Amino acid sequence: MTAPTKAGKRIGILTSGGDCAGLNAVIRAVVHRATGYGWQVLGIKEGTQGLLQRPVQYQTLDLGSVDGHMMRQGGTILGTTNRGDPFAYPMPDGTLKDRSDEIIGGYRELGLDALIGIGGDGSFAILHKLAQKGGFPMVGVPKTIDNDLGKTEVSVGYDTAVAVAVEALDRLQPTAASHHRVMVLEVMGRDAGHIALAAGIAGGADVILIPEIPYSIESIAAKIQNVRDSGRNFALVVVSEAVKTLEGTGVKKILQGGEKRYGGIGDYIGEKIADATGAETRVTVLGHVQRGSMPSPRDRLIASAFGVHAVDLIAEGRFNRMVAWSNRGVIDVPITEAIEHYSCVELDGALVKTARGLNISFGD
Ligand SMILES: Nc1ncnc2c1ncn2[C@@H]1O[C@H](COP(=O)(O)OP(=O)(O)O)[C@@H](O)[C@H]1O
Ligand SMILES: O=P(O)(O)OC[C@H]1O[C@](O)(COP(=O)(O)O)[C@@H](O)[C@@H]1O
Ligand SMILES: [Mg+2]
């Protein structure tokens, strides 16, 4: 594919890392704002993978291609990747190769004036390094259901993921009560407990286990005994996927190609609770359902505000910055600060205090 001829600025946009709800709303907002400036927008396919391929994989985005139902759709129309680090790209023979120059070459082939990357910490680390090496201007838009990016109060996708987890607890509660069971819900979060904490509070959990707070089975069992003593015959337990075993190891599955992902701590905790309390216990692993929903209104709003601001940063010539949510509005921060400041659950933060005030146990 040959890049279209150019009048005014031409900007590229890509989505990177795990998908989440609200990515399409960001893309739509970027296209609206850029079109307002009279610019062209090229959507790069599959994150950095699209720039690696020849011909470079992209699609031209205009108002006609982003309106209608796109903002309501989960996922990303551009595709994404959280594999294939360009600086250590896994080759078929098992070796790792630095392919960053090919990606920078792909960027140049498109004749872009700037790149908007929608990603999380991992993606920004890669994209920023590429932009520095290739000398091209870049702006970041934060997304991740994990909400673990520093320097922004919230990332696109988090609100929807929490809503899905709360809905799961709403559905587990009546079946737990009907069968007098302890229901364990394992939610995502690599490696922060934000989803578990927020969903646990909003979904009425009795116990919330997050990687930031060490737990003991005795303490969880004591909480379940308290619940029984109060006359209630069921309990809801939320476990973040990154919670470790009592021996201090993360529970992971090995996937095709040797990739590892969290999964399984819910079963581990469920068994321990059953042994310690004698309660009938069932485990639900929510998994990618948390990423696949229609974006919540709040995610659509944040995504829209971020997309507009990202284009404005380019218009102002302010690069290497990430748009961020702070104090009821959009700001921008150096992207390096966002990468450096990993944001896990603050132990003295409002939500931990709220949970304790509600007598929710962290198992500590
Ligand atoms: N081409 C790539 N683009 C983005 N991330 C990649 C790529 N290749 C490998 N990765 C790795 O995948 C992970 C992507 O980060 P992930 O946490 O999934 O998303 P996010 O960018 O939202 O943080 C990081 O560990 C990153 O180093
Ligand atoms: O989709 P995959 O590759 O199984 O990855 C799962 C991981 O991605 C996430 O859903 C989201 O991570 P990012 O938003 O940082 O990409 C994590 O919560 C989870 O551990
Ligand atoms: Mg991440």
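Note that ligands are numbered from 1 as they come in the structure, with each ligand's atoms numbered from 1 the same way. From a predicted model like this one, the values you see are computed outputs, not experimental measurements.
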Could you name the option among [options] that has the heavy atom nearest to [atom]?
atom	options	value
atom 15 (O) of ligand 1	G119, A125, G122	G122
atom 20 (P) of ligand 1	S155, P90, G120	G120
atom 26 (C) of ligand 1	I126, L130, T81, I145	I126

What residue and heavy atom of the protein are closest to [atom], and at what distance?
atom	value
atom 21 (O) of ligand 1	S123 OG, 2.4 Å
atom 19 (O) of ligand 1	G17 CA, 3.4 Å
atom 8 (N) of ligand 1	D85 N, 2.7 Å
atom 23 (O) of ligand 1	D121 OD1, 2.5 Å
atom 12 (O) of ligand 1	N82 O, 2.9 Å
atom 3 (N) of ligand 1	S16 OG, 3.5 Å

May I ask you to check whether over 12 heavy atoms, not counting those of [X], lie within 6.0 Å of atom [atom1]?
X	atom1	result
Q132	CD	yes
I254	CD1	no
R261	CZ	yes

At a heavy-atom distance under 4.0 Å, which protein residues reach ligand 2? Sort them by chain and number, would you?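 Residues within 4.0 Å of ligand 2: G17, G18, N82, K143, T144, I145, D146, M188, G189, R190, E241, R261, H288, R291.
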Minimum heavy-atom distance [X]-[Y], with the two atoms named:
X	Y	value
I208	I201	CD1-N, 3.9 Å
A131	M138	CB-CB, 3.9 Å
L197	I210	N-CG2, 4.3 Å
V26	V141	CG1-CG1, 3.9 Å

Would you sort out whether K223 and D206 count as a salt bridge (charged side-chain N to carboxylate O under 4.0 Å, His left out), showing the intermediate values? CA-CA 8 Å; K223 172 66 188 178; D206 300 292; 5.0 Å; no
Heavy atom of Q49 under 4.0 Å from ligand 1?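 The answer is no, since Q49 has no heavy atom less than 4.0 Å from ligand 1.
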Heavy atom of G84 under 4.0 Å from ligand 1? yes
Set out, in order, the CA-CA distance, both residues' side-chain angles and the distance that settles salt bridge (charged side-chain N to carboxylate O under 4.0 Å, His left out) for K133 and D101, then state yes or no. CA-CA 9 Å; K133 187 175 181 197; D101 286 335; 3.1 Å; yes
Under a 4.0 angstrom heavy-atom cut-off, which atoms of ligand 1 come close to G18?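 Counting from 1, the qualifying ligand atoms are 18 (O), 19 (O).
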Which ligand 1 atoms are under 4.0 Å away from a heavy-atom of R83? 1 (N), 2 (C), 7 (C), 8 (N), 9 (C)
Does one hydrophobic cluster hold both I335 and I331, with members joined at side-chain heavy-atom distances below 4.5 Å?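 Cluster IDs for I335 and I331 match.
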When the side chains of residues 83-92 are checked against the rest of the protein, which donor-acceptor pairs come out under 3.5 Å, sequence neighbours left out?
residue: D85; atom: OD1; partner: F87; partner atom: N; Å: 2.9
residue: Y89; atom: OH; partner: Q49; partner atom: OE1; Å: 3.2

What I want to check is whether the side chains of [X] and [Y] have a donor and an acceptor closer together than 3.5 Å.
X	Y	value
D148	Y158	no
Y342	D191	no
H32	D67	yes

Just to be sure I read this right, does ligand 1 sit under 4.0 Å from the backbone of R190, its side chain, both, or neither, counting only heavy atoms? side chain
Region of T48 engaging ligand 1 - heavy atom pairs below 4.0 Å: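 Within the 4.0 Å criterion, T48 contacts ligand 1 through side-chain atoms alone.
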Under 3.5 Å between some N or O of ligand 1 and some N or O of K143? yes
Given a cut-off of 2.8 Å, the protein N, O or S atoms lying below it from the Mg ion (ligand 3) are D121 OD1
Check for a donor-acceptor pair, side chain of T15 on one end and backbone N or O of G79 on the other, with a separation under 3.5 Å.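 Flag set: sc T15 to bb G79 pair under 3.5 Å.
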Measure the acute angle between the ring planes of Y107 and F136, then classify it against the limits of 30° and 60° as parallel, tilted or perpendicular. parallel
For a quick test of your reading: what N or O donor-acceptor pairs under 3.5 Å do the side chains of residues 114-129 make, sequence neighbours left out?
residue: S123; atom: OG; partner: S16; partner atom: OG; Å: 2.8
residue: S123; atom: OG; partner: G17; partner atom: N; Å: 3.3

